[in-house]
Amino acid sequence: MAEDNIYKERVEKRKNLIEKGYDVYPNKYEITSSIKELRERFKGLEKGTYTGCKIKTAGRIITIRRMGKASFFTIRSGGNDIQIYAAMDITPDYKTFIKLEPGDYIGVEGEIFTTKTGELTVKVESWQILSKSLRPPPEKWHGLKDIEERYRRRYLDLFVNKDVYEIFVLRSKTIDFIRRFLNSRGFIEVETPMMQIIPGGAIAEPFKTYHNALSMNLYLRIAPELYLKRLLVGGFEKVYELGKSFRNEGIDTKHNPEFTLLEIYSAYSNYEDMMRLCEDLIVSLFKEIKGELSFEYEGKKIDLTPPWKRISIFEELKRKTGIEFKGNLTRDFLILKAKELKIEIEEDSEEHKIFEKIFESVLEDELWGPVFIVDFPSKWSILAKKKKDDEEVVERFELFIAGEEIANAYSELNIPEDQRKNFEKQIRGYKEREIDYDYIEALEYGMPPAGGLGIGIDRLIMLLTGKNSIREIILFPLLRKK
RNA sequence: GCGCCCAUAGCUCAACAGGUAGAGCAGGGGCCUCUUAAGCCCAAGGUUGGAGGUUCGAUUCCUCCUGGGCGCACCA
């Protein structure tokens with residue numbers, strides 16, 4: 001009810017402004033400089049400097065300090081603040097001006113100067129309302145803290161909490177850097193279907209949708225992989241796609257139903273090349289964006305200085321437990337060994353899950369990384385190529401940093417018969433799972449040997465920003481309808 | 001999905017052991033021409049997330065519901 005009153009009051013204030021002849025929603029305001037530009041251009045001025053320089057800038061009113069015949073406001077735009085100074089003897093219609101309130105957008109024009117305390121300030125010699133705010137913004141000092149409200153009304157979070165704003169600027173810079181990095185190495189960016197007839201490239205529950213005109217079920221992609229490899233068949237040598245994939249699974253601090261995945265494919269390469277590329281990319285990214293390779297995450301130190309360690313999965317398991325898993329990957333064996341190692345597992349979960357659980361438990365310390373876990377069992381890596389001298393193992397690695405899988409890569413399987421067999425084996429036990437025979441047909445035309453690399457961009461940004469919840473680095477994370 | 005925790009004014013937070021909800025900010029009315037969490041005075045603002053229950057009396061205790069957080073499980 002109180003909110004309603006505030007709302008009504010503000011609507012009334014807007015009406016008063018309109019009656020005084022103010023256009024409260026003008027179409028444009030020509031600024032000479034953004035607040036950011038002003039801060040850069042007039043950095044380090046002495047206290048009490050009057051520049052004589054007149055500028056026009058604009059922003060949202062954040063705080064107001066009225067002192068009778070003179071007032072200071074702070075306005076904010078683009079994540080930057082500047083103080084403005086209005087006074088009876090210099091500001092037109094001063095009385096109306098100081099009745100503006102937090103949340104309102106205004107444009108101001110006047111000399112830029114520094115106060116006696118050295119604060120860069122715009123003298124308001126002319127002003128204009130740019131947009132009247134009808135709802136009170138969150139508190140100026142404590143900001144918006146309620147996590148749910150922050151996610152639901154991210155726009156408030158962004159303009160009130162500067163550190164949040166900065167996270168998303170950093171996210172944007174990260175994406176930009178990745179594109180520049182790959183483009184400069186001759187990769188080209190492509191777009192493949194997000195709506196797929198047969199969801200492939202990973203094992204995960206897809207979102208289902210329906211096309212009316214075609215009377216056809218469609219799925220939101222769980223990965224772009226199979227389409228990108230069709231492009232290798234089509235003659236592209238180096239391609240990547242940076243975009244959303246969707247998985248209809250649980251939501252937690254590490255998982256959002258839609259997430260950003262980078263997939264890179266390079267013809268005539270193998271997983272060793274992708275390992276170098278992956279290391280190069282992430283190291284350059286951290287140097288550029290974070291400015292350092294050594295930092296703390298969740299209170300523990302991470303050092304990304306290359307070269308990163310490589311651990312062969314079967315060897316390491318054998319070294320640590322004395323157990324030879326290679327060639328023994330039956331369900332019974334895995335359950336037995338998990339019990340011996342006192343690792344809690346659910347016996348009815350899939351074999352590869354049990355194996356994964358074992359390897360993640362045994363290698364837990366190493367997975368803080370950065371570390372490349374290499375040579376995965378071929379049994380569950382159905383899109384990867386086997387080693388020439390060892391059928392049990394595929395040419396594949398996963399990159400772990402901070403205990404999380406950040407990247408996954410392999411030498412791509414391009415033998416059509418093997419791919420067909422792997423698909424057929426895999427769909428057993430899954431209802432509603434279809435084989436993408438069109439993909440196999442594409443392979444039959446011939447796909448060059450190639451390395452492929454997938455990087456979870458959200459996880460990477462969590463590392464860059466030091467956040468431990470994926471919702472903190474996604475602008476609008478999915479929440480239940482209220 | 002399971003377990004634990006949280007929900008009080010627009011925002012940020014109080015309310016001992018069950019006794020009838022209080023402050024700061026924002027907003028309203030005043031004073032104030034270098035303030036910056038500006039300051040001072042006055043007045044206003046609440047179905048304590050929702051529905052039940054226990055009780056003379058519930059923000060407080062109990063049950064269910066809604067939303068959220070954290071952990072576990074799931075997500076190769």
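To find a chain, count down the sequence lines: A is the first, B the second, and so on, and within it residues start at 1.
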### Query
Hey, does the side-chain of A:Tyr85 have a donor or acceptor N/O within less than 3.5 Å of a partner on the base of B:U33?
yes

#### Entry: Residue-phosphate contact under 4.0 Å: A:Lys8 side-chain N/O, B:G27 OP1/OP2
no

### Message
I want to check one thing: is the phosphate of B:G27, taken as OP1 and OP2, less than 4.0 Å away from some side-chain N or O of A:Arg66?
### Response
yes

### Task
Using only side-chain N and O atoms of A:Arg135, determine if any of them is under 4.0 Å from OP1 or OP2 of B:A26.
no

### Message
Classify A:Lys123 by what it touches in the nucleic acid, base, sugar-phosphate, or nothing, heavy-atom distance under 4.0 Å.
### Response
nothing

### Query
Base, sugar-phosphate, or nothing for A:Thr74, non-hydrogen atoms under 4.0 angstrom?
nothing

### Query
Looking just at side-chain N and O atoms, do A:Asp93 and A:Tyr22 make a donor-acceptor pair shorter than 3.5 Å?
yes

#### Entry: Within 45° cone and under 6.0 Å: A:Lys123 NZ/CZ vs A:Phe113 ring
yes

### Query
Are A:Arg65 and B:U35 close enough that a side-chain N or O sits under 4.0 Å from OP1 or OP2?
no

### Query
With a non-hydrogen cut-off below 4.0 angstrom, is A:Lys254 in contact with a base, only sugar-phosphate, or nothing?
nothing

### Message
Starting the side chain at C-beta, find the nucleotide from B:G27, B:A76, B:C25 nearest to A:Glu139.
### Response
B:C25

### Task
Scan A:Lys13 against the nucleic acid and name what it touches under 4.0 Å (heavy atoms): base, sugar-phosphate only, or nothing.
sugar-phosphate

### Query
Phosphate oxygens OP1/OP2 of B:G68: is one of them under 4.0 Å from a side-chain N or O of A:Arg152?
yes

### Message
For A:Ser71 and A:Arg65, which I'm curious about, is there any donor-acceptor pair between the side chains at under 3.5 Å?
### Response
no

### Task
Answer yes if the side chains of A:Ser133 and A:Arg14 hold a donor-acceptor pair under 3.5 Å, and no otherwise.
no

### A:Lys357, nearest nucleotide to its side chain (from B:A38, B:A73, B:A26)
B:A73

